[in-house]
Trainee: 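Here you go, one structure.
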Amino acid sequence: MKRAIFPGSFDPITLGHYDIIKRGIKLFDELIIAIGINTEKNYMFSLEKRKQFMEEAFKDEPKVKIVTYKGLTVDFCKEVDAEFILRGLRNPADFEFEKAIAHTNRKLSKIETVFLLTSSKTSFISSSIVRDVIKNKGNYSLLVPENVKIE
Ligand code: ADP
């Protein structure tokens with residue numbers, strides 16, 4: 001069984017994440033979306049809300065599981081018996097950042113990181129830009145899956 005985790009903050013989920021997850025599903029038997037709990041980060045959306053947005057977006061995907069986790073990603077991989085970490089790459093800055101993390105994870109464990117290049121249509125999207133559009137009352141719906149609605 002090929003099991004991967006897709007870790008992230010997903011604050012909130014964007015069409016970029018959605019694209020990577022949809023394409024990742026084809027590569028693995030099970031894809032666990034692992035929403036990180038980092039007490040030092042100031043999130044816009046609560047953990048419950050971030051999880052709810054994910055659950056709604058992938059309710060029809062039996063291969064996708066959504067969980068939350070604390071601590072090191074490699075430790076969480078061991079806990080759920082996942083051999084792979086899936087990550088998306090948008091640009092050279094992502095690559096440099098992800099390279100250091102992937103090397104570190106590889107040093108700490110046998111876990112392989114699998115990278116997917118983002119689709120050109122969604123490569124410019126980031127959760128931080130989406131949060132900015134939301135804060136300034138812009139049309140965020142163009143950047144997130146349909147189910148993401150902010151009251
Ligand atoms: P983190 O706080 O771990 O960076 P994010 O929620 O921002 O969490 O991102 C989770 C993963 O999704 C990362 O691998 C990131 O590169 C990827 N990602 C973010 N935005 C996009 C996008 N527009 N297209 C593809 N992948 C993306």
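We number each residue from 1, following the sequence as shown. Values reported hereafter were calculated over all heavy atoms of this structure, with side chains retained and with hydrogens, waters and symmetry mates removed. Each ligand, and each atom within it, is numbered from 1 in the order the structure gives.
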Trainee: So is there a nitrogen or oxygen of Phe10 less than 3.5 Å from a nitrogen or oxygen in ligand 1?
Mentor: yes
Trainee: To the closest 0.5 Å, what do you measure between CZ (Phe6) and CD1 (Ile66)?
Mentor: 12.0 Å
Trainee: Could you go step by step and tell me if Glu83 and Lys2 meet the salt bridge (charged side-chain N to carboxylate O under 4.0 Å, His left out) rule?
Mentor: CA-CA 7 Å; Glu83 282 177 279; Lys2 277 206 174 78; over 6 Å; no
Trainee: Answer with yes or no whether Ser119 contacts ligand 1, where contact means a heavy atom under 4.0 Å from a ligand atom.
Mentor: no
Trainee: Nearest 0.5 Å please: distance from the CD1 atom of Ile111 over to the CZ atom of Phe76.
Mentor: 11.0 Å
Trainee: Specify the closest pair of heavy atoms between Pro145 and Leu15, including all atoms of both residues, with the distance to one decimal.
Mentor: N-CD2, 3.7 Å
Trainee: At under 4.0 Å between heavy atoms, which part of Lys41 makes contact with ligand 1: side chain, backbone, both or neither?
Mentor: side chain
Trainee: Is the distance between the ring centroids of Phe95 and Phe115 under 6.0 Å?
Mentor: no
Trainee: Between Phe45 and Asp11, what is the shortest heavy-atom contact and its length?
Mentor: N-OD1, 2.9 Å
Trainee: Check this for me - ligand 1, Ser123, N or O atoms closer than 3.5 angstrom, yes or no?
Mentor: no
Trainee: Looking only at distances, please establish whether an N/O atom of ligand 1 is found under 3.5 Å from an N/O atom of Ser126.
Mentor: no
Trainee: Taking N or O atoms only and a 3.5 Å limit, does Arg87 qualify as a polar contact for ligand 1?
Mentor: yes
Trainee: Consider only side-chain heavy atoms of I, L, V, M, F, W and Y, link residues closer than 4.5 Å, and tell whether Val133 and Phe124 are in one cluster.
Mentor: yes
Trainee: Do Ser126 and Arg131 come close enough that some side-chain heavy atom pair is under 4.5 Å?
Mentor: no
Trainee: What is the nearest protein non-hydrogen atom to atom 23 (N) of ligand 1, stated with its residue, atom name and distance?
Mentor: Ile125 O, 2.7 Å
Trainee: Any nitrogen or oxygen of Phe124, side chain or backbone, less than 3.5 Å from one on ligand 1?
Mentor: no
Trainee: Are any of the N/O atoms in Ser127 less than 3.5 Å from those in ligand 1?
Mentor: no
Trainee: At less than 4.0 angstrom from any non-hydrogen atom of Pro7, what atoms of ligand 1 do you find?
Mentor: 10 (C)
Trainee: Looking at the rings of Phe10 and Phe53, which for Trp means the six-membered one, are their centres under 6.0 Å apart?
Mentor: no
Trainee: How long is the span from the CD1 atom in Ile37 to the OG1 atom in Thr68, to the nearest 0.5 Å?
Mentor: 4.0 Å
Trainee: Return the closest protein heavy atom for atom 2 (O) of ligand 1 as residue, atom name and distance.
Mentor: Ser9 OG, 2.7 Å
Trainee: How far is atom 22 (C) of ligand 1 from the closest protein heavy atom, and which atom is that?
Mentor: Gly16 CA, 3.4 Å
Trainee: Below 3.5 angstrom, do we get any N/O pair linking Thr118 and ligand 1?
Mentor: no
Trainee: Please determine if Leu86 has a nitrogen or oxygen closer than 3.5 Å to a nitrogen or oxygen of ligand 1.
Mentor: no
Trainee: Taking the minimum heavy-atom distance to atom 9 (O) of ligand 1, which of Glu98, Arg90, Arg50, His17 ranks first?
Mentor: His17
Trainee: Considering both backbone and side-chain atoms of Thr14, is one of its nitrogen or oxygen atoms within less than 3.5 Å of a nitrogen or oxygen in ligand 1?
Mentor: no
Trainee: Should Phe6 be listed as contacting ligand 1, given a heavy-atom distance under 4.0 Å as the test?
Mentor: yes
Trainee: Would you name the heavy atoms of Ile5 and Ala34 that are closest together and state the gap between them?
Mentor: CD1-CB, 4.2 Å
Trainee: Around atom 16 (O) of ligand 1, find the nearest protein heavy atom and jot down its residue, atom name and distance.
Mentor: Gly88 O, 2.6 Å
